[in-house]
Peer 1: 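This is the structure I want to talk about, given as structure tokens.
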Amino acid sequence: MRVRRTHVLAAGMAVVASAVVAVGTGLGFAETAPARQSVCQGSVTFSAEGGGPAATSDRFAVGTRLRVTNLDNGRAVTVVVTGPSGSCVLLNAAAMDLVREPGKNVVRRNVVERLDGGGTPVQPGGAPAQPGAQPGGATADPSGAPSRQSACQGSVTFSAEGGAPAATSDRFAVGTRLRVTNLDNGRAVTVSVVGPSGSCVLLNAAAMELVREPGKNVVRRNVVEVLR
């Protein structure tokens with residue numbers, strides 16, 4: 001009798017274990033569910049641009065539709081690319097308000113999906129044409145004279161990261177020193193890249209304070225130089 005009871009108990013436990021595995025597989029636990037593919041890597045931030053929800057980009061043509069989802073709160077926004085910037089996707093203020101968490105100026109955990117294509121061609125390397133751009137990536141001042149060579153095209157913006165002046169980047173290695181100059185006020189800051197982001201150069205709050213103009217969250221006319 002003891003032997004028979006042992007066999008019956010073992011068989012019962014095996015059935016329960018099988019049921020648990022089946023239920024877990026059917027539900028698709030978050031830890032094992034495959035994530036959607038994102039066309040941009042790193043954090044998503046925003047500029048002070050007004051108007052309806054929209055975005056700018058350094059690699060998607062004007063007219064491209066993108067859906068940006070904040071994985072921390074499940075909120076999403078669909079935007080159309082309206083021009084160039086220094087980020088894979090840079091939301092405007094209205095779009096950011098639809099996905100951000102209260103008090104946060106950056107969406108770290110996100111998925112960016114391309115919904116369709118747009119019409120305006122991009123330059124070789126994926127950068128959209130920038131007003132005043134010169135061959136080889138130099139920018140022009142209002143008088144038409146070419147300025148210093150810039151390593152990044154488009155606007156420079158910032159994240160809410162604290163600490164001493166620093167930057168993150170999608171193309172420069174950690175430790176790279178960059179000098180960012182605001183051509184509208186002549187102010188410049190030298191920063192080291194401390195990690196990855198979705199922008200050619202994304203300043204932290206302290207670095208942005210050193211170059212920004214009052215009330216502006218973006219530096220449109222800029223030169224980014226690689227120092228080493």
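Count residues from 1 along the sequence.
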Peer 1: For E213, what residues pass the side chain to side chain contact (heavy atoms under 4.5 Å, CB included) criterion, not counting sequence neighbours?
Peer 2: N182, D184, N185, K216
Peer 1: Shared ILVMFWY cluster between V81 and V77, side chains joined below 4.5 angstrom?
Peer 2: yes
Peer 1: Sort and list the pairs that fulfil side-chain hydrogen bond (donor to acceptor under 3.5 Å, both in side chains) and have at least one residue in residues 156-169, not counting sequence neighbours.
Peer 2: R108-E161, T168-S197
Peer 1: Please report the closest heavy-atom contact between A207 and A166, naming both atoms and the distance.
Peer 2: CB-O, 3.8 Å
Peer 1: Where do A188 and T181 come nearest, in terms of heavy atoms and distance?
Peer 2: CB-OG1, 3.5 Å
Peer 1: Taking all non-hydrogen atoms of both residues into account, name the closest pair between D170 and G198 and its distance.
Peer 2: OD2-O, 3.9 Å
Peer 1: Taking only residues two or more places apart in sequence, or in another chain, which ones meet R187 in a salt bridge (charged side-chain N to carboxylate O under 4.0 Å, His left out)?
Peer 2: none
Peer 1: Within the structure provided, determine whether R171 and C200 are in side-chain contact (heavy-atom separation under 4.5 Å).
Peer 2: yes
Peer 1: Given 3.5 Å as the limit, does a donor-acceptor pair link the side chain of S38 with the main chain of C40, or not?
Peer 2: yes
Peer 1: So, do V62 and T82 sit near enough that their side-chain heavy atoms are less than 4.5 Å apart?
Peer 2: no
Peer 1: According to the salt bridge (charged side-chain N to carboxylate O under 4.0 Å, His left out) rule, which pairs have a member within residues 82-98, sequence neighbours left out?
Peer 2: D97-R100
Peer 1: Keeping N222 on the side-chain end and G154 on the backbone end, is there a donor-acceptor pair under 3.5 Å?
Peer 2: yes
Peer 1: Would you check if N217 and R212 make a side-chain contact, meaning some heavy-atom pair closer than 4.5 Å?
Peer 2: yes
Peer 1: Among residues at least two apart in sequence or on other chains, which ones pass side chain to side chain contact (heavy atoms under 4.5 Å, CB included) with T78?
Peer 2: R65, R67, L115
Peer 1: To check you understand the geometry: which heavy-atom pair defines the closest contact between A206 and A164, and what is its length?
Peer 2: CB-C, 4.1 Å
Peer 1: Apart from M208 itself, what residues make up its hydrophobic cluster when side-chain heavy atoms of I, L, V, M, F, W and Y under 4.5 Å apart count as a link, directly or indirectly?
Peer 2: V156, F158, F172, L178, V180, V189, V191, V193, V201, L203, L210, V211, V219, V224, V226
Peer 1: Identify the two heavy atoms, one from G52 and one from A94, that lie closest to each other, and give their separation to 0.1 Å.
Peer 2: C-CB, 4.0 Å
